[in-house]
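Chain identifiers are assigned alphabetically (A, B, ...) following the order of the sequence lines, protein sequences preceding nucleic acid strands; residue numbering begins at 1 within each chain.
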Amino acid sequence: MTIQEIVAVFEKFKISFNAPGDNLDACQEYLSQLKLAMLEFSSLPPAAPSTPTNAQQQELLLAREILEHGALLSIKMMDIPAFERYVAQLKIYYTDCASILPESQKQHPILGLNLLRLLAQNRIAEFHTELELIPIATQLSNVYIKFPAQLEQHIMEGSYNKVLSAKQEGVYSHEGMYFMDMLVDTVREEIAECSEKAYGSIAASDLQSLLMLSTADELVEYAENRGWVISNGSVSFGKQEETLLQLPSSQLIRETLSYAKELERIV
Amino acid sequence: MGGAPDDKMEVEPTKVEAPVDHVTEFTADFKASLAAVDRYISTREPRFVHAALTLVGKIRSLEGKEGYQGKGASVLNSMVAHLFPAAHPHREMFRSVLSPLTTPLEAVAVDEKEKAKPLNPETEVLLSLLVLVLLVDAKKKEEACTCADKLCERLLTWNRRTLDPFAERIYFYASWAAESAGRLQDMRSTLLAAHRTACLHHNTACQATTLNLLLRNYLHYKLFDQADKLLTKATFPEQASITQLARFLYYNGRIKALQLEYTEAHRCLQQAQRKAPQSKALGFRLTVHKLGTIVQLLLGEIPDRAVFRNRQSRGSMLPYLKLVQAVRLGDLASFKSSMETHADVYHADGNYTLVMRLRQNVIRAGLRNISVAYSRISLADVAAKLHLDNPEDMEPIAAKAIRDGVIDAKLDHAEGTLISEGPHDVYSTLEPQAAFHKRITFCLNVHNDAVKAMSYPPDAHKGDLPDAETIKERQREEQELAQSLAEEDDEF
């Protein structure tokens with residue numbers, strides 16, 4: 001395929017990608033054609049030239065755009081491992097090729113989505129590693145990056161209400177929703193754990209709003225999964241069994257014998 | 001180094017003028033170092049190489065002295081001229097980069113005998129190193145980089161173990177040159193190759209240095225992911241010098257701090273503080289202390305006061321002292337104000353993102369103080385005391401603090417109160433026993449290690465067996481001793 005043909009295929013892909021309704025299969029069909037075509041590009045990383053010619057730059061830009069669309073498509077298809085792969089590929093274009101390519105419009109939305117994904121999967125250490133790669137000025141000014149960064153702070157602090165309200169604000173139109181749903185699930189688990197420790201018992205309706213569940217039935221189901229008891233409109237959490245303090249005699253004997261042995265060696 | 005020339009002046013006040021004195025002395029040092037290199041090659045004793053490498057410090061201090069700029073370069077230039085054979089690929093390059101740095105100087109006496117000797121690689125590398133150091137110090141970035149590239153290439157053409165200590169320095173200064181020219185990225189593959197070679201040759205000095213340089217390289221571009229992967233694959237050699245170990249621990253600590261492994265980060269940074277030179281390297285120590293302070297705060301500990309009071313470090317640690325005070329008191333307002341006033345400092349130190357994480361610790365410290373003071377308090381009051389922006393967040397924050405074991409309390413949702421529980425009696429648990437066990441094993445280990453580490457004179461067991469006379473003598477002494485001991489016992 002010549003580059004013109006590839007561009008033509010990519011245009012077709014974009015039409016079906018942006019069209020309303022779910023023609024995901026068609027998109028995927030085009031995308032796999034495009035990815036095969038990309039194999040023939042000669043100037044892609046790691047062999048990216050330091051001073052590209054016009055044709056090479058066109059190749060690089062096209063490849064970057066294809067990968068960006070691939071990442072967005074994989075979110076639509078809820079294929080998280082694929083999204084992870086696309087982001088890993090794109091990061092090379094965003095960092096190593098930054099000097100030879102103009103900045104992409106989609107760079108920060110995609111990086112932001114990636115941050116959101118890490119947050120939703122509760123991979124906080126990786127989240128911070130990724131965040132560190134983004135200059136601080138951008139972190140504070142760019143709305144796509146600022147949003148996950150603030151969410152992380154709220155989660156760390158414990159202000160879970162803000163996470164829920166952030167979901168409704170919705171900086172990320174529909175792409176981010178999938179991750180936000182995942183995030184709410186993660187946060188719900190956190191709240192449930194905290195509640196178990198913090199409350200003796202609590203009114204069922206209050207707990208329902210705390211856990212951001214919409215109906216009482218959902219609460220009942222959730223409570224069953226975690227082994228909580230609902231009675232008379234209040235939830236009591238499974239009491240942690242009072243472990244009776246027992247003298248760990250065999251361990252004590254072992255330790256004392258080892259002292260004796262060591263002391264004998266000294267004397 | 002500084003004192004010696006003055007002593008000499010007093011001894012020989014009439015012979016030479018002061019300005020010439022430093023130069024002649026440096027020339028003498030230069031020749032002594034070259035001799036040390038020769039002796040190192042023949043004996044392989046590391047102390048000669050250390051003696052030779054002090055020349056790097058000497059040439060820098062000479063260049064730094066007032067009225068001596070260019071003198072060191074001149075000496076070096078003439079040395080290069082007469083030691084390097086005319087056909088040597090680097091001779092002209094060195095001379096051309098050195099000549100702008102030099103100042104006119106009386107001709108250095110050249111020993112004709114030396115000239116006949118062929119140039120050995122060690123001497124060549126030492127001289128090249130000096131050229132590189134001067135270029136880096138003179139901020140000739142472009143020349144330094146090209147020179148460094150050529151040197152790294154040339155290093156690969158030899159395979160001599162005696163070259164290792166010199167090669168290590170070359171890599172260090174090459175990386176420094178690249179960093180000041182903003183081209184650190186280009187160094188990466190050279191360093192990776194050098195590290196690989198060093199590992200295969202069991203060249204510990206180069207291995208440690210290149211590993212540190214790589215870590216620094218990655219951290220410079222904030223590539224924590226790559227740095228962490230490198231750490232999992234590479235091992236830091238045990239025999240490496242202590243300064244490299246201190247650097248390694250610092251880089252390690254920074255990576256771990258970023259990945260929220262604060263305990264491990266704290267351990268690394270604490271060791272880095274201990275291994276760092278105690279009187280010199282103020283910059284390094286300050287950087288480690290700054291990061292260490294934040295990590296300790298994130299762990300919920302309050303750092304030692306000594307660093308903040310030390311006269312040398314007081315000024316630069318002040319922004320961090322403010323943080324410590326805010327966290328200790330749980331005062332969110334003063335935390336915010338110090339975040340705003342000192343934001344530039346935290347940015348410059350690369351600690352801003354870590355400082356941002358401290359906000360929750362400030363809240364928790366405040367919460368802990370309140371929970372100790374009140375047995376029962378309404379959540380609205382707690383929020384007011386903590387100056388929280390949104391009081392409705394108080395309940396989940398408190399719940400999380402309880403879950404994480406920061407405070408020992410219960411929440412009453414219906415009444416909206418925080419009920420503190422009395423402190424546990426730690427002696428009703430097995431905690432003290434475990435603590436004692438830990439200490440006892442520690443002491444026993446110390447004893448055992450001491451026994452193992454005892455050294456004996458190498459040939460002690462080969463000596464003559466004691467003859468009958470001495471044995472009798474000793475037995476008699478022992479008996480007397482036993483008797484006197486027994487008498488002492490009787491007295492009680």
Note to self: Need one label for B:L223: side chain, backbone, both or neither, based on atoms under 4.5 Å from any heavy atom in chain A.
What the structure shows: both
Note to self: What part of B:M356 gets within 4.5 angstrom of chain A, counting heavy atoms only: side chain, backbone, both, or neither?
What the structure shows: both
Notebook entry, point to check: Partners of A:E152 by side-chain contact (heavy atoms from CB on, under 4.5 Å), sequence neighbours excluded?
Noted result: A:L119, A:I124, A:F127, A:H128, A:M156
Looking at every non-hydrogen atom in both residues, tell me the closest pair between [X] and [Y] and how far apart they are.
X: B:L260; Y: A:A125; result: CD1-CA, 3.8 Å
X: B:F224; Y: A:E132; result: CE1-CG, 3.1 Å
X: A:P248; Y: B:L430; result: CD-CD1, 3.5 Å
X: B:K400; Y: A:C194; result: CA-SG, 3.6 Å

Notebook entry, point to check: Side chain, backbone, both or neither: which part of A:Q153 has an atom under 4.5 Å from a heavy atom of chain B?
Noted result: side chain
Item checked: Closest-packed option against chain A by number of heavy-atom pairs under 4.5 Å, given B:Q259, B:Q185, B:R357 -> B:R357
Checklist line | Options B:A398, B:A399, B:A409, ranked by heavy-atom pairs under 4.5 Å with chain A, top entry | finding: B:A399
Check: Quick one: which residues of residues 433-448 of chain B reach chain A at under 4.5 angstrom, heavy atoms only?
Finding: B:Q433, B:H437, B:I440, B:L444, B:H447, B:N448
Note to self: Once rounded to the nearest 0.5 Å, what's the spacing between atom CG of B:L411 and atom NZ of A:K197?
What the structure shows: 13.5 Å
